[in-house]
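The next block holds one structure in the form of C-alpha cells; read it before the comments.
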Amino acid sequence: MNGYLLWAFAVGPALIAEALLARYEVLAYGARWRVPVTELPAGMPYARGAAPDNPPDAYLVYLDGIGKRRVRDTRDGGQLVTALLARAPELRVLSQVQPYSPLADPLAERPVWAWLRRRIGLLLFLHNVMQIFVAADRRYRPLYNRAVGRQIATQLLLAGYRPDSGTPVVLLSYSGGAQVATGAVDELHARLHAPLLLITLGGFHNGANDLTHAEHVHRLTSAGDRIERLGTWIFPQRWPLLGRSGWNRARSAGRITVHPLDPATHVGPASYISRTAHTPDGRRYVDRTADTVIALIRAHHRSPERPAPCRLT
C-alpha cells in the first residue's frame, strides 16, 4: 500500500502539471505567439523511398504513438517504416511529423525536456498522452486539427507533393496518432485537394472528427489490444448509439473496413510491430503489419472503383 501511495504522490502532481501545460502549445499556435517549425535537421530528407519526380504511387505519412518525441523515428516506429520502405519502393514515406506538437517542435530537443528525460522519462509520455486528450477536447479540437493538418501539408509540399496531382496521400497512424490523422483530413483536403486514405493501427481516438473527405478508413486491430478497446469505451462518439458522430457516419456509409491482426497486443513483445513475435506462417508481427498496409494501399490505388480526385473550383 505504501508503494502505491508513494507512486500516487510522485505521479499525481506530474499529471496535474501536464494537464495544465498541455493546452499551451495549441493556444500559442492560435495566438501566433510562436511560428511552427518547418525545417528538419541537417542531412535529414523530407521523405524516403520513391523520388518525387518519378512520381510515386502514393505519399505515406506515418503518425507514431505517444513515444514520438523527436524528428527521427522511434525504435519500433522506425522498424515499421523500414519494413514499408523495403517492400514498397513505389511509396514516398514521411515519418518526421510531430503528432503531439501543434508547433511541430520535437519534445525531446527542448532543453527543459532533455533535462527531465534524463531524470523523469515518464513525463515525456505523460505529455503526449495529455496532448491526445487536448486534441480530442471539443474546445481545442478545431484549432489542434488545423495546426497539425497544416504541419502535415507543409511537410508533404517540402517532400515534393503537388496539389491537385491526384496522387493519393495515406495517413498511417499508430495508437494516439489516429486522433491526429482523423483530425487532419479536412485541412489536407482544403490545402492539397489530395485523395486521402486512412489506415489506423490500434487507433486510439474519440471518433468525433469528420471523415467525409477521406476516401476510406482501414482499421487494423486485434482482440488482444486492450488500449484500442478502451478508446471505444470511453469516447461516446465511438458508441453505435451516437449515429451522427464522424466515425459512425463513415461506418454507416461503408467507408470503414476492419482488419483483425490477432493475437497482437497494443504494446510489448507481442505488439503489432514486434520483431520477436511470429505468426503461424513464420513472419514477424512487424512484417505482417507492413504486408497488410502495403496490400491495402496497392489495392486502393489500383481499384477501378476508386473515385476521381476532388478538385476545388
message: Ignoring hydrogens, what is the shortest heavy-atom contact between Leu158 and Thr38? Give both atom names and the distance.
response: CD1-O, 3.8 Å
statement: Nearest heavy-atom contact between Tyr59 and Thr167 is CD1-CG2, 3.8 Å
Polar side chain donor-acceptor pair, [X] to [Y], under 3.5 angstrom:
{"X": "Thr221", "Y": "His259", "result": "no"}
{"X": "Asp287", "Y": "Tyr285", "result": "no"}
{"X": "Asn206", "Y": "Gln179", "result": "yes"}
{"X": "Tyr272", "Y": "Asp225", "result": "yes"}
{"X": "Gln96", "Y": "Gln155", "result": "yes"}
{"X": "Thr200", "Y": "His205", "result": "no"}
{"X": "Glu228", "Y": "His266", "result": "no"}
{"X": "Arg249", "Y": "Thr212", "result": "no"}

message: Determine whether the aromatic ring centres of residues Phe235 and Phe204 are separated by less than 6.0 angstrom.
response: yes
message: For Pro240, give me all partners under side-chain contact (heavy atoms from CB on, under 4.5 Å), at least two apart in sequence or on another chain.
response: Arg251
message: Using a strict threshold of under 4.0 Å (side-chain N to carboxylate O), is an ion pair present between Asp186 and Arg146?
response: no
field: Verdict with supporting geometry, Arg48 and Ser95, side chain to side chain donor-acceptor pair (under 3.5 Å)
entry: CA-CA 9 Å; Arg48 290 170 284 174; Ser95 58; 2.9 Å; yes
- prompt: Counting only heavy atoms not in Arg283, do more than 12 sit closer than 6.0 Å to its CZ atom?
  reply: yes
